[in-house]
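Read the structure below first, then the notes.
Only heavy atoms go into these numbers, but all of them, side chains included; no hydrogens, no water, no symmetry mates. No experiment lies behind these values; they were computed from the predicted model shown.
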Amino acid sequence: MNRTYTKTKVLLVEDNFNLSENIKEILTLQGYEISEILDEAENALSSIKKILPDVVLLDIKLKGNKTGIELAEEIRESINIPIVFLTSSSGSDVVKKVKHICPDGFITKPFTTNTLLTSIELAVENHKFNSGKASAPEEKQLTDLFIRENGWLKKILICDISWIKAEGTYTHIFVNEKQYTLRNTVKDLMQKLPANQFSRIHKSYIVNMKKVEALSSTAVKIEDMEIPIGRNYYQALLKNINKLSN
């Protein structure tokens, strides 16, 4: 079953030839257009500017003198397109290196076909939706929050929040594999978060849609964590995703 009705242009930067060919085959069969495959970052920006793909799949570690992170920084400074990282590493060290870029997706190798397709689709459609919202006049959205920890007010980036769990009068925020607990209701917190990025999928859970790697009818997957979808929230979640696809 194809994921797209019009061909979405994907530019891939990956120095593993076999993996590149595998990704190309999967995406081509699903109706995507592989605009170009590059194996190093040195001259990639000029190709990206020329082609203007709908999404860039970018390996963090590449051969040559320039890393995928450095290329992503250049892309962010010059072009407004979604970036999905590919990496064979996981954990807080990698997250710390890329969090300032606020990537639109993060895929850990080895990955499944469903994870690849879902990550690309969510990245592209969320970017379209966010770009449309940005063109309309609205109040400036917050980009960070200060959370009290051990007597200090610690700043966290909103784009780093993976998911939120409500538990009575407490709210637990999960950021880069770390948990923060607030004595605020989840309703108060939701008012401070971008509504087009965070979705309530359960009476006790809110997720950052940019962090969702895959979903089924019963759960979403973020960082190897399966978060349940409430029966009363599933259709609303699908409607939200379909709305982004229009």
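Contact detail for Pro82 and Val124: the closest heavy-atom pair is CG-CA, 4.4 Å. Val84 and Phe106 make their closest contact through CG1-N, 4.2 Å (heavy atoms, listed as atom of the first residue, atom of the second, distance). Closest approach of Lys99 to Lys96, counting heavy atoms only: CG-O, 3.8 Å. Minimum heavy-atom separation, Leu153 to Phe146: O-CD2, 3.7 Å. The nearest pair of heavy atoms linking Thr118 to Ala214 is CG2-CA, 3.7 Å. Residue Thr181 comes nearest to His172 through the heavy atom pair OG1-ND1, 2.9 Å, listed as atom of the first residue, atom of the second, then distance.
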- In sequence, state the C-alpha distance, the side-chain angles, and the governing distance for Leu237 and Met209, and then conclude on side-chain contact (heavy atoms from CB on, under 4.5 Å). CA-CA 10 Å; Leu237 177 62; Met209 294 300 293; 3.9 Å; yes

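With rounding to the nearest 0.5 Å, the separation of CD1 in Ile173 from CD1 in Ile147 is 4.0 Å. We find the CD-CD1 distance between Glu21 and Ile23 to be 10.0 Å, quoted to the nearest 0.5 Å. Between atom CD1 of residue Ile222 and atom CG of residue Leu215 there is a gap of 10.0 Å, rounded to the nearest 0.5 Å. Interatomic distance, OG of Ser217 versus CD of Gln235, reported as 10.0 Å (0.5 Å rounding). Interatomic distance, Thr8 OG1 to Leu27 CG, rounded to the nearest 0.5 Å: 10.0 Å. The CG atom of Leu11 lies 11.0 Å from the CG atom of Asp54; values are rounded to the nearest 0.5 Å.
Tracing side-chain contacts under 4.5 Å through hydrophobic residues (I, L, V, M, F, W, Y), one reaches Ile79 starting from Val98; they form part of the same cluster.
Between His202 and Tyr205, the ring planes lie perpendicular to each other; the angle is over 60°, past the 30° to 60° tilted range.
Under the 3.5 Å distance criterion, the side-chain polar atoms of Arg231 are left unmatched by any main-chain donor or acceptor of Tyr234. Looking only at distances, no side-chain donor or acceptor of Ser199 sits under 3.5 Å from a matching main-chain atom of Ile201. Without hydrogens or angle criteria, Asn16 side chain to Asn18 main chain gives a donor-acceptor distance under 3.5 Å.
Atom NZ of Lys97 has 12 or fewer neighbouring heavy atoms from other residues, nucleotides or ligands inside a 6.0 Å radius.
Within the 4.5 Å cutoff, the side chain of Phe174 has heavy atoms near those of the Lys165 side chain. A heavy-atom distance below 4.5 Å is not found between the side chains of Val10 and Pro53. Gln197 has its side chain within reach of Asn208: a pair of non-hydrogen atoms, C-beta onward, lies under 4.5 Å apart.
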Under 3.5 Å, side-chain donor or acceptor atoms of residues 57-65 against the rest of the protein: list the pairs with distances, not counting sequence neighbours.
residue, atom, partner, partner atom, Å
Asp59, OD1, Lys109, NZ, 3.4
Asp59, OD2, Lys109, NZ, 3.2
Lys63, NZ, Asp39, OD2, 3.1

Show me the donor-acceptor pairs, under 3.5 Å and distance only, between side chains in residues 154-162 and residues at least two apart or in other chains.
residue, atom, partner, partner atom, Å
Lys154, NZ, Tyr180, OH, 3.1
Ser162, OG, Glu223, OE2, 2.9

Taking distance alone, no hydrogens or angles, what donor-acceptor pairs closer than 3.5 Å link side-chain atoms of residues 66-78 to residues at least two apart or in another chain?
residue, atom, partner, partner atom, Å
Lys66, NZ, Glu74, OE1, 3.1
Lys66, NZ, Glu74, OE2, 3.0
Thr67, OG1, Ile69, N, 3.4
Thr67, OG1, Glu70, N, 3.2
Glu70, OE1, Thr67, N, 2.8
Glu73, OE2, His100, NE2, 2.8
Arg76, NE, Ile101, O, 3.0
Arg76, NH1, Ile81, O, 3.2
Arg76, NH2, Cys102, O, 3.0
Arg76, NH2, Asp104, OD2, 3.0
Ser78, OG, Glu74, O, 2.9

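Note on Lys178 versus Glu149: salt bridge recorded, some NZ/NE/NH1/NH2 to OD/OE distance being below 4.0 Å.
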